[in-house]
Protein chains: 2
Amino acid sequence: MTCVTTAAADPADEPAAPPPAEGEGAGEKPRRARGEQTRLLILETALRLFRERGYTETTMRAIAKEAGVAVGNAYYYFDSKEHLIQGFYDRNQLAHRVASEPVLANEKDFAARLRGVLHAGIDVNEPYHSFAATFFKSAAEPSSPLSPFSRESSPAREAAIAIFRDVVEGSSAKVDPELRKELPELLWLSWMGVVLFWVYDRSPDQRRTRRLIDGIVPLADRLVGLSRLRVLRPALRQVLALIDTIRRD
Amino acid sequence: MTCVTTAAADPADEPAAPPPAEGEGAGEKPRRARGEQTRLLILETALRLFRERGYTETTMRAIAKEAGVAVGNAYYYFDSKEHLIQGFYDRNQLAHRVASEPVLANEKDFAARLRGVLHAGIDVNEPYHSFAATFFKSAAEPSSPLSPFSRESSPAREAAIAIFRDVVEGSSAKVDPELRKELPELLWLSWMGVVLFWVYDRSPDQRRTRRLIDGIVPLADRLVGLSRLRVLRPALRQVLALIDTIRRD
DNA sequence: GTCAACAGTTGAACGTGTTCAAGAAGGGCT
DNA sequence: AGCCCTTCTTGAACACGTTCAACTGTTGAC
């Protein structure tokens with residue numbers, strides 16, 4: 001009961017649950033949703049506190065208290081404190097997609113598309129910069145499910161690569177066909193590099209990251225254009241062969 | 001007194017301290033070294049336990065107990081558990097230098113020099129792979145003193161870059177003069193990338209990392225050679241300009 | 001010799017993430 | 001109704017990294 005009332009009182013701004021049309025004790029709502037509701041309540045509370053106080057400063061006890069549940073309850077739904085971040089992960093991934101939509105719909109030039117997507121990614125993440133830097137260490141641990149290369153992150157990763165596939169395929173750029181296949185993943189990898197840079201970027205408003213993007217995009221554009229040059233054919237082949245070698249276990 | 005007897009009773013296998021020729025109260029040894037001795041004892045014990053049990057599995061209490069001191073004493077010499085890793089850092093840096101010496105002394109070819117240095121780096125770190133993966137997360141946090149980009153790591157970083165400067169300057173390769181200045185740092189950055197890959201590498205004996213090196217070296221060699229090509233001049237300029245932009249705050 | 005200053009050392013205590021045995025709350029049977 | 005089974009919830013308890021006020025031994029000045 002406590003849970004229900006608290007959940008109703010909580011102004012969760014993104015209700016992924018069915019419309020909570022609750023009268024009093026009217027038990028018409030699907031009972032199965034109870035668990036999911038608590039899960040969401042805990043997640044929302046956690047992310048809010050992370051944003052407000054930072055990751056390390058937010059204790060599991062504080063999350064539980066604020067959500068009106070016992071601390072053990074949070075561990076019933078999330079394996080660890082770090083696992084709470086996966087929610088943040090997924091949500092921002094989606095936001096990146098949405099924010100990229102306009103430029104992907106209206107722009108045909110490869111460089112412009114890429115630039116738009118990269119800046120959109122930073123835009124979306126900007127509010128979380130300080131907290132992202134703290135939680136980033138979790139993502140860096142190879143065994144962590146939060147690692148961008150981990151199996152658990154696979155869906156989010158694929159979704160991210162899909163954005164860059166869109167960048168390539170919707171563009172008017174003429175790309176070497178062999179490179180074209182690999183390009184989305186390479187661009188995603190570059191994006192990871194940009195994020196890495198961004199996390200470390202202490203300049204006001206992360207201006208250096210913006211400049212990095214503005215510098216890297218025409219460079220990538222030029223390299224992609226150059227990819228069809230005859231002199232560079234062997235080098236390109238070498239790169240593609242290396243990628244292939246690395247990929248197969 | 002407790003400390004002295006306990007320390008003496010402890011079979012520290014790596015005594016970097018002067019010969020402990022203690023009769024009774026024979027106070028001939030430099031009193032100042034007392035602190036340094038304890039510090040070293042704690043560090044050695046910690047690194048040994050890290051190697052034996054792994055980083056997270058080794059508790060500060062275990063380190064203190066094994067070293068025969070109180071847990072608070074470890075914190076007198078090291079600000080945190082993470083700071084103990086800095087010792088590991090410095091030591092392996094030196095080992096990398098030493099392991100690179102032969103190839104740097106005998107080889108003139110750029111690719112061979114680079115390849116030798118990279119493989120030497122992996123050789124040196126290989127025994128610590130499992131533990132490095134765990135402690136890597138500490139290094140990933142931007143605010144951490146362990147970050148390779150942090151101020152505290154500056155000496156180790158400079159030393160590492162110096163190795164790659166040696167790679168470039170001692171080689172017979174003809175390099176674009178503008179690129180030559182930046183190349184050591186770029187190579188170090190690539191090395192960081194290789195290390196990142198290595199940390200994530202779960203293949204037996206980290207064979208994929210070895211293959212990555214073998215693939216990346218001829219590629220870098222070719223690119224460096226290409227750097228003097230006229231067609232690529234603007235692209236190179238663009239890269240150098242970008243680096244310059246990024247570097248100044 | 002006395003005393004003050006100081007580096008070195010101690011272990012109890014704090015707050016943290018996490019675990020776990022115990023219990024509550026229904027839902028589906030007879 | 002009574003009963004069992006699953007899902008959910010609880011909060012005390014654990015081990016950990018870290019802090020801190022108190023203590024010890026040594027040095028140097030008078």
Side-chain angles (χ1 to χ4, degrees), chain A residues 1-7 25-42 46 49-50 53-65 67-85 134-135 137-138 141 144 146, chain B residues 1-8 10 17 22 24-42 45-46 49-50 53-65 67-85 134-135 137-138 141 144 146:
Chain A
M1 208 209 308
T2 25
C3 162
V4 175
T5 46
T6 327
E28 273 350 78
K29 65 185 168 189
R31 292 292 174 195
R32 271 294 146 75
R34 268 290 288 280
E36 206 53 38
Q37 204 171 316
T38 311
R39 181 196 163 83
L40 212 64
L41 168 66
I42 292 169
L49 292 186
F50 287 167
R53 314 179 186 176
Y55 179 69
T56 11
E57 288 72 23
T58 303
T59 72
M60 290 301 280
R61 286 170 179 79
I63 295 171
K65 190 172 190 178
V69 300
V71 61
N73 205 2
Y75 281 92
Y76 181 77
Y77 292 102
F78 299 93
D79 285 346
S80 73
K81 189 183 176 188
E82 291 189 359
H83 276 78
L84 283 164
I85 307 182
T134 336
F135 103 116
K137 68 187 282 192
S138 305
E141 185 163 22
S144 165
L146 289 171
Chain B
M1 197 182 352
T2 26
C3 161
V4 176
T5 45
T6 327
D10 185 271
E22 29 188 44
E24 284 261 352
E28 270 354 72
K29 64 187 169 192
R31 292 292 174 194
R32 271 295 146 76
R34 268 291 287 280
E36 207 52 37
Q37 202 171 316
T38 311
R39 181 196 165 84
L40 213 66
L41 169 66
I42 293 169
T45 308
L49 292 185
F50 288 166
R53 314 178 185 178
Y55 179 68
T56 11
E57 288 72 22
T58 303
T59 71
M60 289 301 279
R61 286 172 178 79
I63 295 171
K65 190 171 189 179
V69 299
V71 61
N73 203 3
Y75 282 92
Y76 181 77
Y77 292 102
F78 300 93
D79 286 346
S80 73
K81 189 182 176 187
E82 291 189 0
H83 276 77
L84 282 165
I85 307 182
T134 337
F135 102 116
K137 68 187 283 192
S138 305
E141 186 163 22
S144 165
L146 289 171

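Here is how names work: the chains are called A, B, and so on, in the same order as the sequence lines, proteins then strands, and each is numbered from 1. Quick caveat, the model's predicted, so the values are computed rather than measured.
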Rounded to whole Å, how long is the line connecting atom [atom1] of [X] with atom [atom2] of [N]?
| X | N | atom1 | atom2 | result |
| --- | --- | --- | --- | --- |
| Q37(B) | dT9(C) | CD | C1' | 15 Å |
| L40(B) | dG8(C) | CG | P | 14 Å |
| R53(B) | dC16(D) | CZ | P | 10 Å |

Legend entry - Under 4.0 angstrom between T38(B) side-chain N/O and dG8(C) OP1 or OP2: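 No, T38(B) has no side-chain N/O under 4.0 Å of OP1/OP2 on dG8(C).
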
Legend entry - OP1 or OP2 of dC8(D) under 4.0 Å from side-chain N/O of Y76(A):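 It does, given that an N or O in the side chain of Y76(A) lies less than 4.0 Å from OP1 or OP2 of dC8(D).
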
Inset, instruction - Using a heavy-atom cut-off of under 4.0 Å over every strand shown, decide if Y77(A) touches base, sugar-phosphate, or nothing. - result: sugar-phosphate

Legend entry - Shortest non-hydrogen separation from L41(B) to A67(B) and the atoms involved: CD2-O, 3.4 Å

Legend entry - A70(B) side-chain proximity, nearest of dT9(D), dT9(C), dT10(C):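 Nucleotide nearest to A70(B)'s side chain: dT10(C).
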
Inset, instruction - Give the angle between the helix axes at the two ends of the helix from dG1(C)-dC30(D) to dT30(C)-dA1(D), taking five base pairs at each end and rounding to 10°. - result: 20°

Inset, instruction - Using a 4.0 Å cut-off on protein heavy atoms (strictly under), produce a 5'-to-3' string for nucleotides 12-22 of chain C with B for base contact, S for backbone-only sugar-phosphate contact, and - for none. - result: BB--BBBB---

Identify, with sequence neighbours excluded, every residue that meets side chain to side chain contact (heavy atoms under 4.5 Å, CB included) alongside [X].
| X | answer |
| --- | --- |
| A64(B) | V69(B), V71(B) |
| T56(A) | T134(A) |
| R61(A) | T59(A) |
| Y77(B) | T38(B), R39(B), I42(B), N73(B) |

Legend entry - Over-ring placement of K81(A) relative to Y55(A), 6.0 Å and 45° cut-offs: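 K81(A) over Y55(A) ring: yes.
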
Legend entry - Flag, side chain of T45(B) to backbone of I63(B), donor-acceptor distance under 3.5 Å: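 No.
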
Legend entry - With sequence neighbours excluded, residues passing side chain to side chain donor-acceptor pair (under 3.5 Å) with S80(B): H83(B)

